[in-house]
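Along the sequence shown, the residues carry numbers beginning at 1. The model shown is predicted, which means the values in this text are computed figures rather than measured ones.
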Amino acid sequence: MPIIAKKNLDDIAIDRIIEMAWEDRTPFDAIKFQFGLAEADVKALMKRELKFSSYKLWRKRVENCKTKHLAKRVTGIDRFKCNMQRAISNNKISKR
C-alpha cells in the first residue's frame with residue numbers, strides 16, 4: 001500500500017507536491033525530504049490528481065528531465081531550491 005493512502009495529506013500539501021513535481025529543478029528527493037513520498041508515490045498522486053492528458057505530458061517531461069533525479073544531475077547542481085527563490089510558506093527547508 002503506497003504511503004499516500006497511509007498519510008492524510010491536505011489540499012495545500014497536495015498542491016505543493018504537484019507544484020514541486022512540475023518544477024524541473026526540484027528532484028524527487030526533495031519531495032521525499034519534505035513530505036515523505038517516494039518517487040512511485042508522487043507518480044501515483046499525480047496520476048490520481050491530474051487529468052490523464054496532463055499526467056501523460058508530465059511523465060514525458062520527467063523522463064527527459066535530468067534534474068529530477070539526483071543521480072543524473074551534473075555536479076554543479078547541489079541544491080533543490082534556488083537561492084533567489086522567496087521563502088515558501090510551510091516549507092520545512094531551513095531559510096538561508
How long is the span from the [atom1] atom in [X] to the [atom2] atom in [Y], to the nearest 0.5 Å?
| X | Y | atom1 | atom2 | result |
| --- | --- | --- | --- | --- |
| Phe52 | Lys47 | CZ | NZ | 6.5 Å |
| Asp24 | Arg61 | CG | CZ | 4.0 Å |
| Arg16 | Ile31 | CZ | CD1 | 8.5 Å |
| Leu45 | Asp41 | CG | CG | 8.5 Å |
| Met46 | Arg59 | CE | CZ | 10.0 Å |

Enclosure of Asp11 CG (heavy-atom neighbours >12, cutoff 6.0 Å): no

For a 4.5 angstrom cut-off between non-hydrogen side-chain atoms, does [X] reach [Y]?
| X | Y | result |
| --- | --- | --- |
| Trp22 | Leu50 | yes |
| Ile18 | Val42 | no |
| Lys32 | Leu37 | no |

Sidechain-backbone polar pair: Trp58 side chain, Ala21 backbone, donor-acceptor under 3.5 Å: yes

Shortest non-hydrogen contact from Met20 toward Phe35: SD-CE1, 3.7 Å

Sidechain N-carboxylate O distance under 4.0 Å for Glu63, Lys60: no

